[in-house]
J.: 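Just passing along the structure, written as structure tokens.
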Amino acid sequence: MYQLDDYFTGKAFDTYKYFGVHRTKEGENGYIFRIFAPRAKEVYVYGDFNNWELLLMNFIGQGIYELTVPDAKADDYYKYIVISQDGKKIEKADPYGFHMELPPGFATKIVDLDRWEFTDEKWMENRTQGFLEPVNIYEIHFGSWKQKEDGSWYSYRELAKLLIPYLKEHHFTHVEILPLSEHPLYGSWGYLVSCFFSITSRYGKPEDFAYFVNECHKNDIGVIMDFVPAHFVTDAYGLANFDGLPEYEYEDPTIAYNEWGSCNFNFFRYEVRSFLNSAADFWMSVYHIDGLRMDAVSNIVYWQGNMDRGVYPGGVEFLKGLTDGLHRRHKGIMLIAEESTTFPKITKPVEEGGLGFDYKWDMGWMNDTLEYFKIEPLGRKYNYHKLSFSMMYFGSERFLLPLSHDEVVHGKATILQKMWGNGDVKFAQAKLLYTYMFTHPGKKLNFMGNEIGHFREWDEKREMDWDLLKYPNHDAFHHYFIELEKLYTTMPSLYQQEYDTLSFRWLEVDAADQSVYIYERKVEKECLIIVLNMCDVGWNQFTFGIDRQITCELLLDSDQDIYGGSTLEEKLPMEITAKKEAYKKWEYRFSLDIPAFTAMIFKEVKKEDKKQDKEDKKESNFLKTSSLK
């Protein structure tokens with residue numbers, strides 16, 4: 001017997017096992033239907049199983065109606081009719097439905113959740129939040145990444161075959177999918193949800209999406225879904241005025257709706273908290289989702305998302321209960337907050353007074369960085385510390401650096417197009433931007449198209465412009481992007497201990513006139529030095545200091561000809577060595593030629609590494625000589 005106490009106290013995480021439609025007892029035919037409509041006068045169900053004739057449901061108390069239908073079977077469609085207290089008939093989809101018919105239809109389909117199996121035990125046992133690992137996320141909208149020749153969508157199964165090799169080639173560790181819960185308006189990108197437990201039917205069946213997740217896990221790729229706990233769509237068949245009166249939303253019209261025209265969830269109602277807790281758990285328990293990126297967290301922690309209106313206690317309590325409960329139930333999951341305010345302790349555990357998220361999007365970093373790259377080079381010296389400011393606070397939360405879908409739509413221009421100037425200059429600066437991003441503390445997220453230098457703003461109705469890769473500039477940029485990703489995912493200094501302020505150090509952050517930045521990323525056994533020239537002028541023998549005698553080898557140079565630059569490989573400084581000459585506060589100095597709009601990444605060469613290199617060369621020469629004999 002299901003215990004409802006947790007549901008009515010806001011602590012339930014498995015209400016989908018009780019409400020909705022489930023098989024009757026083993027050995028019996030049919031399914032049992034349950035719905036919560038506390039202020040309804042009557043509730044009816046009808047569907048394929050009875051030629052759409054109304055069946056009156058039984059009221060069993062506490063606002064719950066149920067009915068066993070012996071003739072119901074898997075894949076039947078059904079709807080509810082809710083009779084309000086004033087006699088109005090309201091046609092509703094099942095709030096706990098697991099699959100829907102293709103929009104604009106809204107009938108719910110009976111689905112057995114045990115008709116697919118996962119083979120990802122190893123992944124599920126070993127997965128972590130990635131605190132000490134590289135996290136490189138590819139954000140994607142399934143319907144517009146790639147399309148068939150006739151413009152139709154690929155299915156979940158087809159996407160698994162196309163997308164997974166692409167993710168592996170690019171060293172992406174996770175894929176983040178824009179909301180896949182069922183939604184009536186395709187142009188909402190999934191953010192106006194109608195059915196929180198239903199995988200959208202646009203790309204296939206529930207078992208098809210389970211196949212996609214399982215295949216990702218077999219290839220060591222985590223799956224993150226966008227989750228929308230702040231609001232829901234106003235369509236009449238959904239949650240709005242569910243039993244004739246506001247049940248999931250506020251009765252007060254001044255706070256019932258938000259800037260998107262959708263309904264705000266009423267987090268003071270415990271049934272609403274249990275509903276959303278269970279929706280989040282559903283995707284993790286049933287589909288093995290590895291993480292949830294929670295949209296519009298600001299609209300939950302503040303009234304209407306407005307800091308001036310003050311903290312929203314109901315929302316804060318809900319989030320703490322949600323994150324704490326999910327972490328207790330699921331090992332190694334990622335909970336990511338899309339939150340743009342200064343609300344404190346977003347990524348602190350609940351027991352330490354925090355909201356309990358694992359990561360927070362660093363919207364300040366994103367805004368400052370993109371604004372900086374729009375500035376003409378001459379003006380950058382006056383905005384020099386716009387780029388360095390994020391280093392003042394990067395250790396205050398576990399930040400994730402996002403260049404997301406929000407930055408490439410609605411007239412904002414794509415990431416490449418935001419760069420100052422024209423033509424080749426844009427590509428050179430985009431390489432600078434991404435070098436800065438991948439060597440900056442914090443996990444990474446890029447929206448599809450960023451990696452190929454997309455020119456056209458994202459349009460959910462069209463696939464990405466893959467033909468761009470036929471052009472040398474885009475192809476060269478694409479290869480540079482992949483090299484950056486490879487470095488990020490293989491260099492521990494770029495992802496281990498990255499929220500420890502000791503992992504980052506400025507070597508030069510006082511060169512405003514030259515617009516040059518130089519910094520060090522370091523862990524115990526590895527040190528990288530990153531050199532960024534944000535100016536359209538090159539600098540000969542640019543000098544910067546360091547506190548020790550070291551030699552560094554060049555790992556990556558954005559101006560190299562194979563990446564669309566003008567420097568030939570034989571002219572690159574393959575190694576640089578610090579001289580024992582004082583410079584500013586430092587005992588040693590480097591001098592380096594830095595071309596215009598260029599990024600360089602150097603790695604410190606340890607004595608034992610150089611010794612091993614010599615031994616490797618000796619062995620190689622011996623083998624060559626032996627083969628000649």
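Computed from a predicted structure; not experimentally measured.
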J.: Of all residues at least two apart in sequence or in a different chain, which pass the ring-ring contact (aromatic ring centres under 6.0 Å, His included) check with Tyr302?
T.: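 Checked Tyr302 against ring-ring contact (aromatic ring centres under 6.0 Å, His included); matches are Phe343.
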J.: Before giving the answer on salt bridge (charged side-chain N to carboxylate O under 4.0 Å, His left out), spell out for Lys444 and Glu451 the whole-Å C-alpha distance, their side-chain angles and the decisive distance to 0.1 Å.
T.: CA-CA 13 Å; Lys444 324 300 176 188; Glu451 76 279 13; over 6 Å; no
J.: So does Lys122 have more than 12 non-hydrogen atoms from other groups sitting under 6.0 Å from NZ?
T.: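 Counting neighbours around NZ of Lys122, 12 or fewer heavy atoms of other residues, nucleotides or ligands fall under 6.0 Å, so no.
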J.: Do Asp358 and His327 have a side chain donor and acceptor closer than 3.5 Å?
T.: yes
J.: Using a distance-only test with no angle check, is there a side-chain donor-acceptor pair under 3.5 angstrom linking Tyr495 and Asn136?
T.: no
J.: Looking just at side-chain N and O atoms, do Tyr138 and Glu485 make a donor-acceptor pair shorter than 3.5 Å?
T.: no
J.: To check you understand the geometry: which heavy-atom pair defines the closest contact between Ala93 and Met100, and what is its length?
T.: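 Nearest pair, atom of Ala93 first, then Met100: CB-CE, 3.6 Å.
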J.: Side-chain contact, heavy-atom cut-off 4.5 Å: Lys443 with Ile137?
T.: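 Counting from C-beta outward, Lys443 and Ile137 never come under 4.5 Å.
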J.: State, without any angle test, whether Tyr517 and Ser388 hold a side-chain donor-acceptor pair at a distance under 3.5 Å.
T.: no
J.: Quick one, Glu526 with Arg521, criterion salt bridge (charged side-chain N to carboxylate O under 4.0 Å, His left out). Give me CA distance, side-chain angles, the key distance, then yes/no.
T.: CA-CA 8 Å; Glu526 182 179 282; Arg521 293 296 309 278; over 6 Å; no
J.: Sequence neighbours left out, what passes side chain to side chain contact (heavy atoms under 4.5 Å, CB included) with Val350? Give chain and number order.
T.: Lys320, Thr323, Asp324
J.: Only one of Glu339, Glu338, Glu397 passes side-chain hydrogen bond (donor to acceptor under 3.5 Å, both in side chains) with Lys360; say which it is.
T.: Glu339
J.: Please check if the distance between the ring centroids of Phe318 and Phe265 is under 6.0 Å.
T.: no
J.: Centre of Tyr186's six-membered ring, under 6.0 Å away, within 45 degrees of the axis: is that where NZ or CZ of Arg202 sits?
T.: no
J.: Any side-chain heavy atom of Glu215 within less than 4.5 Å of one from Tyr211?
T.: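 A side-chain contact under 4.5 Å exists here.
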J.: Would you mind reporting whether Leu113 and Phe98 have side-chain heavy atoms less than 4.5 Å apart?
T.: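 They are in contact (side-chain heavy atoms under 4.5 Å apart), so the answer is yes.
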J.: So, His288 versus Asp120: side-chain donor-acceptor pair below 3.5 Å or not?
T.: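 Yes, Asp120 and His288 have a side-chain donor paired with an acceptor closer than 3.5 Å.
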